[in-house]
Number of protein chains: 2
Amino acid sequence: MINYTDILRQHNLKATPQRLAITDVLYVQGHITIESLYKVMVKKFNSISLATIYKNINLMLENSFIQEVKIPHAKSVYELTKENHSHFACEKCGEIQDIIIDLDNIINEVARTNTFKINSSDLVLSGLCKNCQQN
Amino acid sequence: MINYTDILRQHNLKATPQRLAITDVLYVQGHITIESLYKVMVKKFNSISLATIYKNINLMLENSFIQEVKIPHAKSVYELTKENHSHFACEKCGEIQDIIIDLDNIINEVARTNTFKINSSDLVLSGLCKNCQQN
DNA sequence: TATTAAAAGATAATTATTATCCTTTAAGTT
DNA sequence: AACTTAAAGGATAATAATTATCTTTTAATA
Ligand SMILES: [Mn+2]
Ligand SMILES: [Mn+2]
Ligand SMILES: [Zn+2]
Ligand SMILES: [Zn+2]
């Protein structure tokens, strides 16, 4: 288990056992829904409250310690903040994968031909993962 | 008001006055949240039920007559199905604009270097619209 | 015009999320 | 190591969002 105590504190978050466990789950799983996170956490803290999950997810979002990823036709997943990246979502099994895609050219081109100022981009590609292509 | 009666029927949807009005609102507004749609519809049908909004939105989604667009840090908006396109979302005023972006090169490149099969892409650029850049 | 399956409206039920309140605790301070 | 305290956790009530149920109405077809 990676030690995230200092990183939590840098984000103005007390390093409680529950938060360290949430962080570890996010680190190990990569992307997870609220519902799944709660189920995993209950195994570690049998009396944890769902409210604790929500409160922490919201705080961590506010402090940019984690990010929400909205997936078409599915529930949002949450992940530790890292370098900008896009996502692939399997329509069959629900797996989410990170993809590094350089969108600079596209964004620059869009910025050049439009009036708005672009601060960020969110790209999700949907389809079938390797496993689900076979079965 | 455009006549969407036949188009609704082609999607196996009875052309009720409520549905024609929803369609007209979507046509005129472009992108709209459930909440806003309900407020607009109540002006036209003062006794319309919120359940009617939800049932119709869900049916129209199932029949691909409309699409849901998930926006980061904001509520989903709904729009009439049209040719593939991306979106710009203003972080300040919430305005949503269509953008035509050719993602074929990127998608082909991603498909070439990865194992998954891509069926669709969803791209949302966020930032400030022209108006909100000034104020 | 009569028939009927589907849709609308009213509202109950369920699910998702947030708020409240009391207890516990992390993180400093002595 | 004990003391202090604001913050966090747990229990649960409250609210918001969405879906289900049931009765009445109506679009579509004959
Ligand atoms: Mn990711
Ligand atoms: Mn659009
Ligand atoms: Zn899969
Ligand atoms: Zn704006």
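Fair warning: this is a prediction, and the values are worked out from it, not measured in the lab. Below, chain A is the first sequence line, B the second, and so on; all start at residue 1.
Of the possible polar contacts, none joining the D24(B) side chain to the L20(B) backbone as a donor-acceptor pair under 3.5 Å is found.
Residues passing the side chain to side chain contact (heavy atoms under 4.5 Å, CB included) test with F45(A), sequence neighbours excluded: P17(A), Q18(A), A21(A), M41(A), I48(A).
Phosphate proximity of dA8(C) to N56(B): present, with a side-chain N or O under 4.0 Å from OP1 or OP2.
First and last contacts of DNA chain D with chain B, using any nucleotide atom under 4.0 Å from a protein heavy atom and ordered 5' to 3', fall at dA17(D) to dA28(D).
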Letter by letter from the 5' end, nucleotides 20-30 of chain C scores (B base, S sugar-phosphate only, - none; protein heavy atoms under 4.0 Å) ------BS---
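Among the nucleotides dA10(C), dA16(C), dA7(C), the one closest to the side chain of S49(B) is dA10(C).
Rounded to whole Å, atom P of dT15(C) lies 16 Å from atom OH of Y54(B). We find that NE2 of H11(B) is positioned 18 Å from C1' of dA6(C), with the value rounded to whole Å. dA16(C) atom C1' lies 14 Å from atom CD1 of I53(A), rounded to whole Å.
Among residue pairs with one or both ends in residues 106-115 of chain B, those qualifying as side chain to side chain donor-acceptor pair (under 3.5 Å) are E109(B)-R112(B); sequence neighbours excluded. Applying the salt bridge (charged side-chain N to carboxylate O under 4.0 Å, His left out) definition to pairs two or more places apart or across chains, those involving residues 62-75 of chain B are E35(B)-K75(B).
Between its opening and closing five pairs, the helix from dT1(C)-dA30(D) to dT30(C)-dA1(D) changes axis direction by 40°, a value rounded to 10 degrees.
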